[in-house]
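Working notes, structure below.
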Amino acid sequence: MVMSDDSLIAVVDDDESAREAVAGLVRSLGFLAAEFGSAADFLASDQRSRTACLIADVRMPGVTGPELYSHLMASGTPIPTVLITAYAREAARDRALKSGIRCYLAKPLDPDELLACIRSAIGDGKGRIE
Amino acid sequence: MIDQPARARDFGQSRPHAGENPPFLLTTSSPGRSQRRLAVCVLVVLVGALVVTAPFARIPLENTEALLPAYAAAVFVNEVITASLLLALFSVQRSRAVFALSIGYLFSGVMVIPWALTFPGVFESLGLPDAGLQSTAAIATLRRLGFPIFVLAYALLEDSGSSARVSHGSARSVILAGVAGVVAIACGSTWLIVTSDDALPGFMKDTRNVAAPWQYVPATAVCLYLVGLCVLWIRPRSVLNLWLMVVLCTLLIEIVILSYLSAGLRLSLGWWAGRLYGLLSASLVLLVLLSEKTTLYARLVRSVSAERRAREARLTAMEALSASIAHEVNQPLASMVTNADAGLRWLGRQSPNVDEARAALKRIVDDGHRAAKVIEGITTMFKKGAQERVSVNMNRLIEETLRRCRDEARLGRISVQAELDADLPPVMGSPVQLQQVISNLVANAIDAMTAVAGRKRVICIRSARRNSDAILVSVEDSGTGLDPKYRDRIFEPFFTTRSDGMGMGLMFCQSVIEAHGGRLWVTDNEPHGAIFHFTLPSADDPPSTAGATVR
């Protein structure tokens, strides 16, 4: 599978080692990955327009993963989003999926599951996939 | 215990230190200001009543014999109940002084029966054999002089140190012997008095009026009361001592009315007033015992609920702490798994990307270090304030801990034994932490035996050399033992079989012992209970070996 040259997967997590790990896994799965330490960093970045899929941690200081997704929806620039968390809770998962979140994954991530989620996300990516 | 009988020491039995009684017992707590004020008020009222009664003391009240059995029954019941409450106190405190006092009350109560039975004109209607003229007075003499002697014995035995304690386990037989002795003496003396009326001193002129020899009885009684009051006065003031002084004052007033103001005239107004004082003195200690018990119970309820609140607060803090520890450790672990997955993917490609795989491995190493740092931080926090390692004499630590637990053990009717190796080498460690380990294990053992009935409750602590470079300490109980299905879990944090426990005790013990380079484990005791063992490296061990185990 090949993505268009300029599209990428954004990984937003406040924990540096967790962020590096997830981004590393995404790259090993064959995608371009960009790392952001907070939702604000991501929103301010010029790479936002190139983002085909967003992977965000649920619990972050400041804007949380679900809040970031809602913000993108409300501002009319929705991005297919995968939420990841160390505290997977059934109720939160149901709520997230209902609100349009693509996948809700528990850490440590299962690579095949993550791959399936990304594929399904960028499949909706309006022709960004070749 | 079998190998080293000479070293075996029963802490419940020997080594009672004066002044180490459990607080809050009637015999050990000192009366508050309100108690003293109440005692003085009672005395003032009594003296006032004495003054009011005095002018009318010799008015005879005819045909009042019928009231005598009621009076006697009331005194008997009050004094016997007082005696049994005091005996219950004795079985906890094992003080000979309290025993003497309870026997005094029992004697006084039991002797009321023959006194009333032989009283002229009282039980004639029941068809009882008419006792001799002197019988009632002779029995009254025994009772009147006997009680203050027991009070005196109480006052003199009190606080006289180690010899004043009755050994563990024999309380029941001591009580039984005491009760049997009192009953035997009461029966025997009554029989002697009734059958040999002619040989008795001529206390009575007729059924109503006393004769000259009687005057020695109240005089002796007054002397005994005064001596008792003096001895009680110079003793450390306890609630019981205070009210015994009031009792002696009441008896003093009683004898003054009975024998002097009413001139010994039976069934006169003064005589009956004296009887009322007698009833009051018989009830005073009972009332004090009951009210003190209620007060203590309320205090106990308060302290238990306060302790429960504190424990709940501690539990919440522990939950929060453990959640944060879990999070701190889980983060790097999850990253390690993810990095390892990434590395495998890089290597699994048709043309493996070694550089990326190496980068993933490097991140795993970093995460591993990070996790280790978290654990190290927890360990440091755990050891905070107790990092200092000094040479510790475990025997002394054990003895000190047992002394602290002794009262709790005695209240649980548990006998605590120690068999300590006198040649035990010292260990290097934190005395605070090691003492907590021992007291945790002993507290565990006590808890395990609270439900035990029908067999001896014994805790035995042993210390011994183990090989040339370590010591072994074991804490053995005869409690309920370990459920096999929980055996592997008892050292886990938050694991407990108790409904009120926090479950940190054994995990704490294990952490401390392992931090000291030792090992803690548990085995079954035969035929009942469990044995917790731990080893510690001895301090005269070569430092290289110790360094390998002690971090």
Side-chain angles (χ1 to χ4, degrees), chain A residues 1-3 8-38 53 55-61 64-65 82-89 92 103-119, chain B residues 315-381 492-494:
Chain A
M1 164 189 18
V2 187
M3 288 201 304
L8 51 81
I9 312 281
V11 178
V12 185
D13 195 328
D14 61 301
D15 185 299
E16 190 190 349
S17 84
R19 188 173 69 235
E20 283 177 359
V22 172
L25 184 61
V26 168
R27 272 193 286 270
S28 77
L29 294 171
F31 303 95
L32 268 178
E35 299 173 29
F36 302 93
S38 70
C53 174
I55 299 176
D57 191 37
V58 172
R59 283 197 193 181
M60 287 187 290
T64 66
V82 175
L83 288 181
I84 54 176
T85 180
Y87 306 90
R89 301 246 159 74
C103 290
Y104 182 94
L105 303 178
K107 289 181 188 175
L109 303 173
D110 179 334
D112 295 326
E113 213 176 347
L114 180 65
L115 184 60
C117 284
I118 295 175
R119 276 184 178 154
Chain B
L315 190 56
T316 320
M318 289 304 298
E319 276 169 349
L321 180 68
S322 72
S324 82
I325 290 172
H327 177 72
E328 289 294 312
V329 178
N330 268 339
Q331 281 283 38
L333 281 181
S335 297
M336 286 165 85
V337 172
T338 304
N339 283 320
D341 277 328
L344 287 173
R345 294 267 164 176
W346 289 120
L347 294 175
R349 294 190 166 200
Q350 277 183 336
S351 51
N353 189 328
V354 176
D355 289 340
E356 287 287 359
R358 184 177 290 127
L361 283 173
K362 174 77 177 56
R363 289 197 297 271
I364 292 175
V365 171
D366 292 344
D367 288 331
H369 284 307
R370 183 178 159 200
K373 267 212 182 84
V374 171
I375 302 289
E376 194 187 313
I378 295 165
T379 320
T380 316
M381 185 178 65
E492 286 176 20
F494 303 114

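Proteins get letters first, then strands, A, B, ... in listed order; numbering begins at 1 in each.
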Considering residues at least two apart in sequence or located in another chain, which fulfil the side chain to side chain contact (heavy atoms under 4.5 Å, CB included) criterion with A:A33? A:A23, A:V26, A:R27
Interatomic distance, CD@B:Q331 vs OG@A:S17, rounded to 0.5 Å, equals 7.0 Å
Would one find more than 12 heavy atoms of other residues, nucleotides or ligands at under 6.0 Å from atom CZ of B:R358? no
Spacing of B:R345 atom CZ and A:L115 atom CG [to the nearest 0.5 Å]: 6.5 Å
Taken to the nearest 0.5 Å, the spacing of A:S28 OG from B:D341 CG works out to 8.0 Å
Smallest separation among heavy atoms of B:N339 and A:A21, with atom names: OD1-CA, 3.1 Å
Residue A:D112 versus chain B: region with a heavy atom under 4.5 Å: both
